[in-house]
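I have placed the structure first, in the form of structure tokens, so that the comments after it can refer back to it.
As the structure is a computational prediction, the values presented were derived from the model and not from experiment. We name chains A, B, ... by the order of the sequence lines, and we start the count at 1 in each one.
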Amino acid sequence: MAPASFQNAYPRELLAGDGLASANALLGAQLVRNDASGVRVGRIVELEAYRGPDDKASHARFGRTSRSAVMFGPPGHAYVYLVYGMYDCLNVVIEPSGRAAALLVRSVEPLEGVDLMRHAREEWAVGRAGGRGSSSDGAAWAAAARQRVAALPAARLASGPGLVCAAFSVGRDDGGADLCDAASPLHLELAAPGDPAFEREFGPRIGIGYAPEPWLGKPWRVWVAGNPAVSGPRTRR
DNA sequence: TCAAGGATCCGCT
DNA sequence: GCGGATCCTTGAA
């Protein structure tokens with residue numbers, strides 16, 4: 001059965017205004033990956049806003065660089081970067097050209113294509129296994145990694161910025177992709193009309209300890225209250 | 001609690 | 001141009 005999606009391409013104007021308004025609007029929207037392997041759809045349940053060169057937690061704090069150039073472009077495009085050497089993170093560019101703001105997609109609740117996401121997570125985990133040590137039991141390690149992923153509840157398949165990219169096969173090749181174009185293999189869609197209502201919660205962003213106040217404490221992280229797919233701060237693990 | 005991993009940036013020459 | 005520090009994380013121990 002064809003998904004009810006592909007008709008509700010996300011309106012770019014919802015991303016062109018104030019960053020926090022964009023974050024509020026995007027929470028609950030759908031992330032869609034449509035490629036040769038099939039269709040994967042998830043609901044965005046956690047976001048963080050990074051708001052321009054003045055925001056000392058944002059990559060834009062260095063000004064325009066080759067890495068962050070996409071963020072300085074028009075809203076609705078994907079900004080994908082590598083962090084800690086091994087994790088890709090997906091951001092949605094917001095605010096008008098030249099403002100260099102973006103929303104980091106931290107968590108997604110799987111809706112369709114859960115098996116594809118699980119398979120992608122397995123492949124990703126096995127890929128990581130290859131880089132670990134020199135052990136001759138690499139195959140065993142990979143098998144164990146597959147087993148761990150297989151045991152995960154669906155809600156944990158994309159509950160973290162690196163995991164979102166793993167589950168949706170997002171890489172830096174996707175950087176610059178137009179997420180407001182329904183024909184794009186990776187794009188956003190409005191929430192389905194029948195989606196349940198939810199409450200929003202706000203708090204400080206995660207992993208930006210290097211940033212000074214007031215940026216450190218800005219409540220620019222927003223998530224769906226009580227949703228099991230929300231990653232939350234590490235201290236909750 | 002800690003190691004893994006590599007792109008990116010800054011400061012220095 | 002080069003070298004070192006840093007980093008929007010994760011999973012294993």
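Residue Lys218(A) contributes atom NZ, which lies 19 Å from atom P of dC8(C) at whole-angstrom precision. Rounded to whole Å, the distance from CG on Asp88(A) to P on dA4(B) is 21 Å. Atoms OH (Tyr79(A)) and P (dT8(B)) sit 9 Å apart, rounded to a whole Å. One can place OH of Tyr210(A) at 9 Å from P of dT9(C), the figure rounded to the nearest angstrom. Going from atom CZ of Phe62(A) over to atom C1' of dA5(C) covers 11 Å, rounded to whole Å. Regarding His59(A), its NE2 atom lies at a distance of 15 Å from the C1' atom of dC10(B), rounded to whole Å.
Residue-level contact check: Tyr84(A) touches the bases, meaning some heavy atom is under 4.0 Å from a base atom. Contact annotation for Arg67(A): backbone-only contact, meaning every heavy-atom pair under 4.0 Å involves sugar-phosphate atoms and none involves a base. Here Thr65(A) lies in heavy-atom contact (under 4.0 Å) with sugar-phosphate atoms only. As judged by a 4.0 angstrom heavy-atom cut-off over every strand, Leu82(A) is placed among residues touching the sugar-phosphate backbone only.
Dashed line: the shortest gap from a side-chain N or O of Arg121(A) to OP1 or OP2 of dT10(C) is not under 4.0 Å.
The ring of Tyr87(A) has its center closer than 6.0 angstrom to the ring center of Trp124(A). For His59(A) and Tyr81(A), the distance between ring centers is under 6.0 angstrom.
Ranking dG11(C), dC9(B), dC8(C) by closeness to the Leu104(A) side chain, first place goes to dC8(C).
With both pairing distances under 3.5 Å, dA5(C) is matched to dT8(B) as a Watson-Crick or G-U wobble pair.
No hydrogens or angles were tested; on distance alone, nothing pairs the side chain of Tyr87(A) with the base of dC8(C) as donor and acceptor under 3.5 Å.
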Exercise. Would Arg61(A) and Asp55(A) satisfy salt bridge (Lys or Arg N to Asp or Glu O under 4.0 Å), going step by step from the backbone distance to the final call?
Worked result: CA-CA 6 Å; Arg61(A) 68 188 184 278; Asp55(A) 180 354; over 6 Å; no
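For the residue pair Glu46(A)/Ser231(A), the side-chain donor-acceptor check at 3.5 Å is satisfied.
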